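Here is the structure we will look at, set down as structure tokens.
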Amino acid sequence: MPSKYRSEATILVQTPQAPNSLVISNSTSNAMDDLDAITNQILSRTHLMAVIDEFHLYPELRNNMGANDLTTLMRNNIEVTPMAKNPERRSANAFMIAFTASEPEVAQRVADRLTSLFIEANQQSIQGKDTGMTSFLTSELASAKQDLAKQEAIVQDFKMKNLGQLPEQEQGNLEVLSGLQGQLQTVQSSLAQARQQKVYLTAMLSQPAPVTNETTSQTPAAPSPITALQTDLAQLRTQRQDLLSRYSPLYPDVISLNQRIGEEEAQLKRLLASAPSVGKGQHSTAADTNSPAVAQLKSQLEANRLEIAELEHRSGDLQGQISGYQGRLNLAPMRAQQLSEVMRNYDQAKQRVTDLQTKQSESELATNLAKRQIDAQFQIIDSASMPTKPSSHQRVLVAVGGFIGGLLLGLALAFLVEARKQAFHTDKELKKVFAVPLVVALPPFRTPEEIAQLTSRKRMEWLVGAATTLILLAAQAYIIYRG
């Protein structure tokens, strides 16, 4: 049992100096939660073999043991224990590192080296987490920006395809539609007047006039009842067309106008049928004359015809535009629903980009703070101690315990062997088994073969005892020699 020396070091987990309200850490776990992972990393074969080579540990065993056996031996000599009031909860903010070696200087140096390895591993773990989180957020942000650009293109394409039918253009469409309806009313009013003028001019041309020898222009006579009735009939038809542009044929005012138009058309037919014919050689029509007044009427009638054609064209154009804007207004609710679905995806993509940008900024700030060691760090509060006394077992107690244990084991084996024998040694033992009186006692009579076996057994017992004693003495001498 060679002497063993134990060196211990204590490491404190320093709390973050920056408040969480200013800096949000990238790691959701604290340093104590990561202690197991760091311990497994330090106790790996690569790290332990580097320490063994650095301090030339176990020189007498390196020729007979492989790397796995050496690292297992060293791992058994290392102890990492959290310093907690309740070890099950591990609520402490410090832990102890201990190493046991055959020399106190070696134990102290190895313990100090293990402490520095724990501190370096903790710093690399924190920076790795921060850098990895920042890289992950950067890649996610790039992907989110691509998705946002795709959603923007979809929104723009939808707006271009449905230009004029979008919800934000509804008020403008209503204003334009109101203006077009006002223009249509003005054009229809002008068209009604032009048609009335046409009826009047047509009636003037068909009005009979007396034959005179004067070559100067005459003022046309006052319109006849037929002309007045035709003018009134034209006005009614214009009113009916105006109502039909806004209402259905079953509208009460339209039905009333249809009745009046029918009555006046019947009256006009009666007047035309009862009108006297013009006598031959007595009168002539104004249309058959070449007077300046007739030419003026024809010119006015042609201008009126062109004006009516222009107004009808404008009316049809305005009605087409009004129909188009009414169609846009009718499609506005459906386009609003479709645009809402498109904008929902766009808003989600935009919100995701905003969130990732915020998280990336926080992660970069946390990374910079981790590099400046503002985050939770390992700090040495007790460096590796120099052991002055062996920490191995007490040799005297072990020797006394071995002596007592050997006696107890020997007695137990003696009783076991004796209990297995079935021979009778005294007359009392014989009487216990057989209820007969003892007549005579005979000494044992052994055959030559039995005598030879007993002799051989005694020799073997002495030989085994002597060999065991020599082996024990040799082992003790070797232990003393190796220190």
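These values consider heavy atoms only, across backbone and side chains, with no hydrogens, waters or symmetry-generated copies. Predicted model, so just to flag it, every value in this text is computed and none were measured.
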Counting distance only, does the side-chain N/O of [X] pair as donor-acceptor with the main-chain N or O of [Y] below 3.5 Å?
X: T71; Y: N68; answer: yes
X: S178; Y: E175; answer: no
X: S340; Y: A336; answer: no
X: N40; Y: D36; answer: yes
X: N330; Y: Q326; answer: yes
X: S189; Y: Q185; answer: no
X: S143; Y: S139; answer: no
X: S315; Y: L311; answer: no

Does the side chain of [Y] come within less than 4.5 Å of [X]'s, by heavy atoms?
X: L454; Y: R446; result: yes
X: M460; Y: V464; result: yes
X: I97; Y: E8; result: no
X: V51; Y: H47; result: no
X: F95; Y: T10; result: no
X: F118; Y: T39; result: yes
X: M96; Y: V80; result: no
X: Y346; Y: L148; result: yes

Nearest 0.5 Å, what's the [atom1]-[atom2] distance between [X] and [Y]?
X: R109; Y: L57; atom1: CZ; atom2: CG; answer: 8.5 Å
X: L61; Y: L73; atom1: CG; atom2: CG; answer: 6.5 Å
X: D147; Y: K145; atom1: CG; atom2: NZ; answer: 13.5 Å
X: I154; Y: M343; atom1: CD1; atom2: CE; answer: 12.0 Å
X: L184; Y: I322; atom1: CG; atom2: CD1; answer: 4.5 Å
X: F55; Y: E103; atom1: CZ; atom2: CD; answer: 13.0 Å

Could you go through the side-chain contact (heavy atoms from CB on, under 4.5 Å) check for R344 and E341 one step at a time?
-> CA-CA 5 Å; R344 186 186 303 114; E341 295 178 358; 3.9 Å; yes
May I ask you to decide whether [X] forms a salt bridge with [Y], counting only side-chain N to carboxylate O separations under 4.0 Å?
X: D347; Y: R352; answer: no
X: R6; Y: E79; answer: yes
X: K359; Y: D355; answer: no

Among side-chain atoms of Y58 and N77, is any donor-acceptor pair under 3.5 angstrom?
-> yes
side-chain contact (heavy atoms from CB on, under 4.5 Å) between Q321 and Q181, worked out | CA-CA 10 Å; Q321 294 182 24; Q181 289 176 346; over 6 Å; no
Nearest heavy atoms of [X] and [Y], plus distance in Å:
X: P387; Y: P104; value: O-CB, 3.3 Å
X: I42; Y: L117; value: CD1-O, 3.6 Å
X: S385; Y: S7; value: O-OG, 2.6 Å
X: A107; Y: Y5; value: CB-O, 3.6 Å
X: Q151; Y: V342; value: OE1-O, 4.5 Å
X: E140; Y: L356; value: O-CD1, 3.5 Å

Could you go through the side-chain contact (heavy atoms from CB on, under 4.5 Å) check for K350 and E152 one step at a time?
-> CA-CA 9 Å; K350 185 176 181 180; E152 287 179 351; over 6 Å; no
Kindly determine whether E312 and I308 satisfy side-chain contact (heavy atoms from CB on, under 4.5 Å), including the steps that lead there.
-> CA-CA 6 Å; E312 288 178 348; I308 291 175; 3.6 Å; yes
In this structure, are over 12 heavy atoms from other groups packed under 6.0 Å from R45 atom CZ?
->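 Open: at most 12 neighbouring heavy atoms sit under 6.0 Å from CZ of R45.
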Using side chain to side chain contact (heavy atoms under 4.5 Å, CB included) as the criterion, point out the one residue from L43, T100, V110 that pairs with M74.
-> V110
Begin from the C-alpha positions of D69 and R62 and carry the test salt bridge (charged side-chain N to carboxylate O under 4.0 Å, His left out) through to its verdict.
-> CA-CA 9 Å; D69 297 332; R62 301 190 65 174; over 6 Å; no
